[in-house]
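Down below is the structure, laid out as structure tokens.
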Amino acid sequence: MHRLDTIVAVATPKGESAIAMLRASGPDCANLAQSIFNRKRPAPPRYSYHGTYVSIDGEALDDVVYCFYQEPKSFTGEDTLEIMCHGNPLIASKVLEDLLARGCLQAEPGEFSRRAFLNGRMDLTQAEAVMELIQARSDKAIKAANNQLRGAFGRQLGMLKDKLLNSVAAIEAYIDFPEEDLPAEQKQAHVDGIQKLVTYCSRLIDSSRYAAFLRDGVKTLILGEPNAGKSSLLNQLLGFERAIVSEEPGTTRDFLRERVIIGEHSIQLLDTAGLREAQSGIEREGIRRTIELAEEADIFLLVEDSTLPSPELPDAIADRLSADNCIVIRNKIDLGNAVAANDSFGSFRQVDFSALKGEGLDALRDALVSLIDSHFSTDEDDLILVNARHNTALNELKDCLGSALAKFEADDAAELVASDMRGALDAIGTILGRIDNEAMLDVLFSSFCIGK
């Protein structure tokens with residue numbers, strides 16, 4: 001990427017809309033605003049203006065609103081020009097073509113965010129949060145992405161880095177004086193401090209699973225015997241007829257996957273084949289897939305026909321169910337004559353339900369939100385979206401700190417302890433992006449949408 005180039009892209013999605021926005025960033029933006037809108041003086045920054053967009057050939061393309069941002073007070077840290085035209089894709093395309101004709105270059109995916117990162121406007125965790133915010137599918141995910149975009153993760157890692165630097169400085173002071181031993185009380189203080197950092201790393205690593213729930217939705221498997229009401233339950237939760245409902249058992253041969261927002265959570269609902277002795281090869285395959293899905297599911301909704309005894313479940317599924325991850329739904333309460341619930345599910349959350357009439361739907365939603373909150377809850381201020389890249393670096397950080405602790409306890413040389421601590425600092429730098437790795441940045445920002 002040539003930093004002296006002025007880049008441009010349409011920053012709004014393709015398709016018709018009231019408004020489309022084009023964004024340009026680079027040293028030519030002030031001159032562009034002056035020439036396009038025939039201004040006698042440069043546009044004062046951070047004010048919105050109405051004007052006629054006149055092309056390089058003198059053609060009036062559209063009435064637009066534009067705003068000039070002067071470096072460094074812009075998203076990218078460079079001079080930036082944003083143009084809001086009417087949302088006809090043809091108009092946006094003509095404006096883009098004209099800006100390219102004036103010497104701008106088409107922006108690559110993520111190039112604006114990349115420039116913001118390289119210009120020090122944000123660290124790498126904040127740059128990643130931009131895309132997380134765009135792709136967020138629930139209120140919780142939006143809160144977590146906004147937290148990260150405001151620098152919550154970076155600040156936490158910054159404090160961790162400062163503590164490590166203080167420890168490294170104190171330990172390295174003794175490298176120059178090998179005849180002096182590190183005082184016992186000071187050594188213990190370092191050990192205690194490093195142990196706290198290891199605990200913090202472990203907590204962040206564990207939170208990566210919660211981050212996956214926020215990104216992808218909580219995988220919720222609907223289980224039960226044929227005709228227990230699984231597909232009807234799916235339709236009730238979705239609010240429309242997604243699954244075919246029939247009195248004929250075994251009509252669901254493969255699983256259905258749908259997404260729904262319940263409370264602040266995005267939930268992936270998986271409606272599966274009924275669990276019984278299969279009558280055909282296709283049905284057996286459906287049941288095999290149900291058992292397979294149970295291995296990766298986060299939450300289970302076990303649907304029972306309340307007028308019949310609780311079913312015997314395959315061991316592979318029964319072993320996965322617990323009070324922490326399963327809700328038992330006693331369906332068909334509208335028929336009356338319910339039999340006693342299975343004692344083995346006594347500690348599980350249970351909801352009386354009628355898929356036919358929708359009775360108990362609100363209670364089920366509340367129970368589902370409560371289960372997710374209790375099992376995967378975290379402090380709102382600590383919501384952080386730990387991704388695979390962060391996770392790798394955090395494990396490296398934890399390993400380096402663990403090695404430093406072991407060397408402390410073995411009374412190894414201060415040089416060896418300091419080396420491990422320096423490795424831990426490098427791992428933090430990897431997360432924040434304080435590294436010179438162009439290839440890694442290319443891969444990371446290529447997943448962004450054009451215009452960001």
Just so I know, are the side chains of [X] and [Y] near enough to count as touching, which here means a heavy-atom distance under 4.5 Å?
X      : Y      : answer
Asn146 : Leu133 : yes
Val328 : Val303 : no
Phe75  : Thr80  : no
Leu233 : Leu364 : yes
Phe117 : Leu124 : yes
Leu164 : Leu401 : yes

Is there a ring-ring contact (aromatic ring centres under 6.0 Å, His included) between His390 and Phe153? Walk through the geometry before answering. CA-CA 11 Å; His390 303 155; Phe153 194 15; 5.2 Å; yes

Which one of Lys163, Gln195, Gln156, Lys398 satisfies the side-chain hydrogen bond (donor to acceptor under 3.5 Å, both in side chains) criterion with Tyr200? Gln156

Given the options Gln70, Arg121, Arg115, Glu78 meets side-chain hydrogen bond (donor to acceptor under 3.5 Å, both in side chains) only with Arg115

Against the six-membered ring of Tyr69, is Arg23 placed for a cation-pi contact (under 6.0 Å from the centre, within 45° of the normal)? no

Is it true that the NZ or CZ of Arg39 lies under 6.0 Å from the centre of Phe68's six-membered ring and within 45 degrees of the ring axis? no

Whether [X] side chain and [Y] backbone form a donor-acceptor pair below 3.5 Å:
X      : Y      : answer
Thr272 : Ile222 : yes
Arg46  : Lys73  : yes
Ser419 : Glu415 : no
Ser374 : Ser370 : yes
Glu111 : Glu108 : yes
Asp123 : Thr125 : yes
Asp28  : Gly103 : no
Asp63  : Thr52  : no
Asn325 : Leu321 : no
Asp62  : His86  : yes

Could you walk me through whether Leu368 and Arg365 satisfy the side chain to side chain contact (heavy atoms under 4.5 Å, CB included) test, starting with their C-alpha distance in whole Å, then the side-chain angles of each, then the deciding distance to 0.1 Å, before giving a yes or no? CA-CA 5 Å; Leu368 193 50; Arg365 287 193 180 114; 5.7 Å; no

For the pair Ile327 and Val351, evaluate side chain to side chain contact (heavy atoms under 4.5 Å, CB included) and give the outcome as yes or no after the intermediate values. CA-CA 7 Å; Ile327 298 172; Val351 175; 4.0 Å; yes

When rounded to the nearest 0.5 angstrom, what distance separates [atom1] in [X] from [atom2] in [Y]?
X      : Y      : atom1 : atom2 : value
Leu302 : Lys230 : CG    : NZ    : 10.0 Å
Glu258 : Asp271 : CD    : CG    : 10.0 Å
Leu223 : Cys326 : CG    : SG    : 7.5 Å
Lys161 : Asn166 : NZ    : CG    : 11.0 Å
Cys400 : Asp426 : SG    : CG    : 8.0 Å
Thr220 : Leu270 : OG1   : CG    : 7.5 Å

Regarding [X] and [Y], does a basic nitrogen lie under 4.0 Å from an acidic carboxylate oxygen?
X      : Y      : result
Glu128 : Arg389 : yes
Glu264 : Lys143 : yes
Arg102 : Asp98  : yes

If you count every heavy atom of other residues, nucleotides or ligands that lies below 6.0 Å from Ile19 atom CD1, does the total exceed 12? no

If we ignore angles and hydrogens, is there a donor and acceptor under 3.5 Å between the side chains of Thr76 and Ser25? yes

Over all heavy atoms of both residues, which pair between [X] and [Y] is shortest? Give the atoms and the distance, please.
X      : Y      : answer
Asp298 : Gly217 : OD2-O, 4.3 Å
Ala427 : Ala393 : CB-O, 3.6 Å
Gln106 : Ala9   : NE2-CB, 3.7 Å
Gly229 : Ala355 : O-CB, 4.4 Å

Run the side chain to side chain donor-acceptor pair (under 3.5 Å) test on His265 and Asp139 for me, step by step, so that the C-alpha distance in whole Å, both residues' side-chain angles and the decisive distance to 0.1 Å come before the verdict. CA-CA 7 Å; His265 300 285; Asp139 289 346; over 6 Å; no

Passing candidate, side-chain contact (heavy atoms from CB on, under 4.5 Å) with Val95, options Leu22, Leu90, Leu100: Leu22

Between Tyr53 and Phe37, how do the two ring planes meet: parallel, tilted or perpendicular, split at 30° and 60°? perpendicular

Chi angles and distances behind the side chain to side chain contact (heavy atoms under 4.5 Å, CB included) call for Ile91, Lys94: CA-CA 5 Å; Ile91 294 173; Lys94 282 182 174 291; 5.8 Å; no

Please walk me through it: do Ile7 and Phe112 pass side chain to side chain contact (heavy atoms under 4.5 Å, CB included)? CA-CA 8 Å; Ile7 56 172; Phe112 293 97; 3.9 Å; yes

